[in-house]
Amino acid sequence: MAPLTAWDRLVRYESAKDGKIRYGEPVVSDSNPDIDQLAQDGKLEVTILEGSNPIQAKPTGEKDTVKQLLGPLTPQDVPIIRCTGLNYKTHILETGFDLPKNPTLFIKPSPAIADTRAPVPIPKLGQPMCDYEGELTVVIGKDCKNVSEDEALDYVAGYTSGNDVSCRDWQMEKDKAGMMPQWSFSKSFDKYAPLGPCIASTKLLGDGGNLRMKVFVNGEERQNTNTSDLCFGVRKLVSFFSQGQTLQAGSCIMTGTPGGVGIGMKPPKYLKDGDEVVVDIEGIGKVVNTMKFE
């Protein structure tokens, strides 16, 4: 199948020329550009893309400069976010669990989508045990159902860096979560899935299977892994999650997080008001957000 996008990398941004919100393809030569830093320095130039949505956007040939970098996707672009629990082999084994035979799925709703560099609002019930999870995030480019692993990449537009912001007490504690841990409510508050800085296409990153990911909290490295350690890679997740149910274009799959999250530290290190979380994935770049306690 032909590539699903006419671009290699896509950003959504506010134009320095006229203040309009547009899509653009960053003008970069490096295979691992720091798109966030270029934008912060006012030096991110793009080729303007036009289309009714990010996947269908096409180059116009016109150039522009980014005034403010936004997330590549809006809640209106994303029908649903499918998320994967415990999916890094090293992390699974170190927690004492056996490697699973199938992926574990939970969901976030579309209002969880948020821009990079935007504050993440943390409601009062989410403040005592607020946590982060750096995750490679898949963007589905075309509706699919019951696809095989061999054909799975035919339906992937690309990848972005994501933070699965989490509320651990409502996930784990019996008096809040119930008799069994539950993941959807505790991770589904508005803007609990910031994405950015771009979508990098499969033309650049293939199956996403050998990418370095680092996560920093206030500049301190907390997570450091490679997607080669995923128990279930992108092909498997797309295939498995499409069995009996349609994966809609624009929907996202968060592929899971490695060790190094706040709840796993001794003692735990939960996020506080004003803390900055950076998820940096090779070939994609950094999604950067501060926590804003309401």
Side-chain angles (χ1 to χ4, degrees), residues 34-41 68-73 75 81 83 85-86 88 91 95 106 108-109 111-137 160-173 176-177 181 183-198 212-225 252 254-282 284-294:
D34 192 340
I35 292 172
D36 174 78
Q37 190 62 56
L38 288 170
Q40 290 295 106
D41 293 341
Q68 181 180 354
L69 187 64
L70 306 171
L73 298 167
I81 311 159
C83 305
L86 281 176
Y88 278 86
H91 181 43
T95 58
F106 64 96
K108 287 177 181 264
I113 295 293
D115 290 336
T116 186
R117 291 283 174 182
V120 176
I122 308 299
K124 288 189 181 299
L125 81 168
Q127 293 172 9
M129 299 174 71
C130 181
D131 210 347
Y132 54 88
E133 294 189 2
E135 307 205 12
L136 175 70
T137 301
T160 188
S161 299
N163 183 1
D164 176 15
V165 184
S166 302
C167 175
R168 297 302 189 191
D169 46 349
W170 286 93
Q171 179 184 358
M172 303 286 194
E173 293 183 1
K176 295 178 179 179
W183 294 352
S184 287
F185 177 78
S186 61
K187 294 166 172 276
S188 290
F189 300 120
D190 290 351
K191 300 188 184 300
Y192 264 43
L195 303 175
C198 71
R212 176 61 56 184
M213 180 176 74
K214 295 182 179 181
V215 177
F216 302 87
V217 177
N218 299 328
E220 176 191 0
E221 184 180 294
R222 296 284 186 87
Q223 295 182 285
N224 188 335
T225 192
C252 295
M254 301 188 89
T255 60
T257 201
V261 294
I263 193 174
M265 297 186 173
K266 299 184 185 303
K269 290 186 177 181
Y270 296 115
L271 297 174
K272 304 298 183 184
D273 185 33
D275 282 354
E276 179 188 76
V277 181
V278 177
V279 180
D280 189 0
I281 301 179
E282 181 182 358
I284 302 169
K286 296 180 288 194
V287 56
V288 182
N289 300 89
T290 57
M291 305 300 115
K292 178 65 174 177
F293 281 24
E294 295 181 325

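From a predicted model like this one, the values you see are computed outputs, not experimental measurements.
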Problem set entry | Side-chain heavy atoms of Cys167 within contact of Leu125, under 4.5 Å | no
Problem set entry | Closest non-hydrogen atom pair, Val278 against Glu276 | CG2-OE1, 3.8 Å
For this session: Could you tell me which residues satisfy ring-ring contact (aromatic ring centres under 6.0 Å, His included) with Phe189, sequence neighbours excluded, listed by chain and number?
Result: Phe185, Tyr192
Seminar exercise, completed: Interatomic distance, OG1@Thr116 vs CG@Leu70, rounded to 0.5 Å, equals 9.5 Å
Problem set entry | With sequence neighbours excluded, residues passing salt bridge (Lys or Arg N to Asp or Glu O under 4.0 Å) with Asp169 | Lys176
Seminar exercise, completed: For Pro197 and Leu69 the tightest heavy-atom approach is CB-CD2, 3.7 Å
Seminar exercise, completed: By ring-ring contact (aromatic ring centres under 6.0 Å, His included), Tyr88 pairs with (sequence neighbours left out) none
Exercise. Is there a side-chain contact between Leu195 and Cys252, using heavy atoms and a 4.5 Å cut-off?
Worked result: yes
Seminar exercise, completed: So CD of Gln127 and CG of Asp273: to nearest 0.5 Å the spacing works out to 7.5 Å
Exercise. Listed by chain and number, what are the side-chain contact (heavy atoms from CB on, under 4.5 Å) partners of Lys214, not counting sequence neighbours?
Worked result: Arg212, Phe216, Glu221, Asn224
Exercise. Of all residues at least two apart in sequence or in a different chain, which pass the salt bridge (Lys or Arg N to Asp or Glu O under 4.0 Å) check with Lys187?
Worked result: Glu133, Asp164
Identify each donor-acceptor pair in which a side-chain atom of residues 254-267 lies under 3.5 Å from a protein atom, sequence neighbours left out, and give them as a table.
unit_1	atom_1	unit_2	atom_2	d
Thr255	OG1	Leu136	O	2.7
Thr257	OG1	Gly134	N	3.3
Thr257	OG1	Gly134	O	2.9
Thr257	OG1	Gln223	NE2	2.8

Exercise. Does the side chain of Asp280 reach to within under 4.5 Å of the side chain of Ser161, using non-hydrogen atoms?
Worked result: no
Exercise. Got a sec, which residues hit side chain to side chain donor-acceptor pair (under 3.5 Å) with Gln40, two or more places apart in sequence or on another chain?
Worked result: none
For this session: Take Asp36 and Arg117, measure what side-chain contact (heavy atoms from CB on, under 4.5 Å) needs, and give me the verdict at the end.
Result: CA-CA 9 Å; Asp36 174 78; Arg117 291 283 174 182; 2.8 Å; yes
For this session: Kindly compute the distance separating OG (Ser186) from CE (Met129), expressed to the nearest 0.5 Å.
Result: 10.5 Å
Exercise. Is there a side-chain contact (heavy atoms from CB on, under 4.5 Å) between Glu135 and Val279 once you walk through the steps?
Worked result: CA-CA 8 Å; Glu135 307 205 12; Val279 180; over 6 Å; no
Exercise. So which heavy atom on Ile122 is nearest to which on Cys130, and how close?
Worked result: CD1-SG, 3.8 Å
Would you tabulate the side-chain donor-acceptor contacts of residues 284-294 under 3.5 Å, counting partners in other chains and residues two or more places apart, or write 'none'?
unit_1	atom_1	unit_2	atom_2	d
Lys286	NZ	Asp34	OD2	3.2
Asn289	ND2	Asp115	O	2.9
Asn289	ND2	Ala118	O	2.8

For this session: Could you tell me whether the side chain of Trp183 and the main chain of Gly85 form a donor-acceptor pair under 3.5 Å?
Result: no
For this session: Report the residues that fulfil side-chain contact (heavy atoms from CB on, under 4.5 Å) with Pro111, sequence neighbours left out, ordered by chain and then residue number.
Result: Pro109, Asp190
Problem set entry | Value rounded to 0.5 Å, distance of CG in Asn163 from CG in Leu271 | 8.0 Å
Exercise. How would you list, by chain and number, every residue that makes a side chain to side chain donor-acceptor pair (under 3.5 Å) with Gln171, sequence neighbours excluded?
Worked result: Arg168
